[in-house]
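Scroll down for the structure; my scribbles are underneath it.
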Amino acid sequence: MTRIVVVGSINMDLVTLAPRFPGPGETLTGDRFLTIPGGKGANQAVAAARLGATVSMVGCIGDDAFGDQLYDGLVAEGIDVTHVARIDGIGSGTASITVAGGENTIVVVPAANGRVTPAQVEAARAIIREADAVLVQLEIPLDAVEATLRVAEEESTPVILNPAPAQRLPVEWLARVRFLTPNEHELALVLGAGDDVDFRELMRRAPCPVVLTRGSDGAWFRDGDDEPRHQPGFRVEAVDSTGAGDTFNAALAVYLAEGLDVAVRKACATAAIAVSRLGAQGGMPRADEVTAFLETHA
Ligand code: RIB
C-alpha cells in the first residue's frame, strides 16, 4: 500500500453558496451555509486516504471547537494524527469560501497553521523515511516547507510540492522537488516570470519536473528534458472547484507507481469527480469510484 506523509494546513472551510459573487460594499442573500473540513494539507491527506493510501498528517490545529472537529475528521478518515499538534491559545485555521456558478473565492486565516515548525517536521523524520511520497503546500510557514524538503531529501523520499498559495521560491528549493504541481499563474509566480510567458516555456525553464494543472483543460506534464505533454480534462458539470487541485495532488502521489502518464490521467479523473460535487473534502472520491468513472469516460 502506498504510504504518504502530508505536511500542511488544516482549516475549517466556512462555505456560503450564493447566486453570484457580491461586489465591494454589496450585501447578497446566499442560498446555504456549511462548515466543511478543509485546508490544502488536510484535503490532500483525506483525498489520498480515500484512494487507499496509508496517510500521516503533520500540521497544527487550535484549541477551539473547530480544532476538535478537524482532528476527529482526520481520525475518521483513518489518517495517522500522531504529528498533528494542538496549539493552546490560538484558533484553528479558517477559510471563508463563497461558491457561485461552480467557481469560488477564498479568504484564508492561517491561525494555528502559522505555528507549524521545522522541529515538528524533524520529529516526523521516521515516517518521512518510510513514506513513498511527501506532499507539501505553501499554507504553512516557509521554514517548515524548507525543513520538509531538506528532511525528505536526506531520507531519499520524493516530494510533491504544490506551490499554493503561490509565491516566488528559491531555485535551490525547486531543485529538491520530485514534482512541482502549480497552475499556470502559480508557476509564473514561483519562477518570478511574467504572466505573459507561455506556460510550456515556463515548464521548460523550471529546474524540476512539473505537472501543471489547467482546470477543465486537464494537465500538462514534463519529467526531465522531454517536451511538455498534455492530458486532456474530463468533461463534468462543475458544482464546486474547491479542493480540486488538492485532490489532483493526492491522486498523483497515490498513482505515481503506475507511471507518470497513468498517474496524471487518473489524477485528472479524480479531480473531475471532485469538481462535480460540493465541498473540498465533501467531493473527494474513493478508488473504486475513480475506476468506474474511467470506464465510462473516454
Ligand atoms: O485548496 C482548497 C483549500 O484552500 C480549501 O479547503 C481552503 O481551506 C483553502 O485552504
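All values below come from the heavy atoms of this structure, side chains included, with hydrogens, waters and symmetry mates left out. Just so you know, ligand 1 is whichever comes first in the structure, and atom 1 is the first atom listed for that ligand. This structure is a prediction, so every number in the text was calculated from the model and none was measured.
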Quiz item: Where does the angle between the aromatic ring planes of H230 and W220 fall among parallel (under 30°), tilted (30 to 60°) and perpendicular (over 60°)?
Solution: parallel
Quiz item: Can you tell me how far the CD atom of E122 sits from the CD1 atom of I128, to the nearest 0.5 Å?
Solution: 8.5 Å
Quiz prompt | Candidate pair R204 and E227, rule salt bridge (Lys or Arg N to Asp or Glu O under 4.0 Å), full reasoning | solution = CA-CA 8 Å; R204 288 182 205 105; E227 275 302 292; 2.9 Å; yes
Quiz prompt | Minimum heavy-atom distance between L142 and W173, given as atom pair plus value | solution = O-CH2, 3.4 Å
Self-check item: Residue pair D132 / P158: nearest heavy atoms and the distance that separates them
Solution: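 Closest approach of D132 to P158, heavy atoms only: O-CG, 3.2 Å.
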Could you go through ligand 1 and list every pair where one of its N or O atoms sits under 3.5 Å from a protein N or O, giving the atom names and the distance to one decimal?
{"unit_1": "ligand 1", "atom_1": "1 (O)", "unit_2": "K40", "atom_2": "NZ", "d": "2.8"}
{"unit_1": "ligand 1", "atom_1": "1 (O)", "unit_2": "D246", "atom_2": "OD2", "d": "2.7"}
{"unit_1": "ligand 1", "atom_1": "4 (O)", "unit_2": "K40", "atom_2": "NZ", "d": "3.2"}
{"unit_1": "ligand 1", "atom_1": "6 (O)", "unit_2": "D13", "atom_2": "OD1", "d": "3.4"}
{"unit_1": "ligand 1", "atom_1": "6 (O)", "unit_2": "D13", "atom_2": "OD2", "d": "2.6"}
{"unit_1": "ligand 1", "atom_1": "6 (O)", "unit_2": "G39", "atom_2": "N", "d": "3.1"}
{"unit_1": "ligand 1", "atom_1": "6 (O)", "unit_2": "N43", "atom_2": "ND2", "d": "2.9"}
{"unit_1": "ligand 1", "atom_1": "8 (O)", "unit_2": "N11", "atom_2": "ND2", "d": "3.1"}
{"unit_1": "ligand 1", "atom_1": "8 (O)", "unit_2": "D13", "atom_2": "OD1", "d": "2.6"}
{"unit_1": "ligand 1", "atom_1": "8 (O)", "unit_2": "G39", "atom_2": "N", "d": "2.9"}
{"unit_1": "ligand 1", "atom_1": "10 (O)", "unit_2": "N11", "atom_2": "ND2", "d": "3.0"}
{"unit_1": "ligand 1", "atom_1": "10 (O)", "unit_2": "E139", "atom_2": "OE1", "d": "3.0"}
{"unit_1": "ligand 1", "atom_1": "10 (O)", "unit_2": "E139", "atom_2": "OE2", "d": "2.6"}

Quiz item: Side chains of N11 and S9: is there a donor and an acceptor less than 3.5 Å apart?
Solution: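 Side chains of N11 and S9: no pair found under 3.5 Å.
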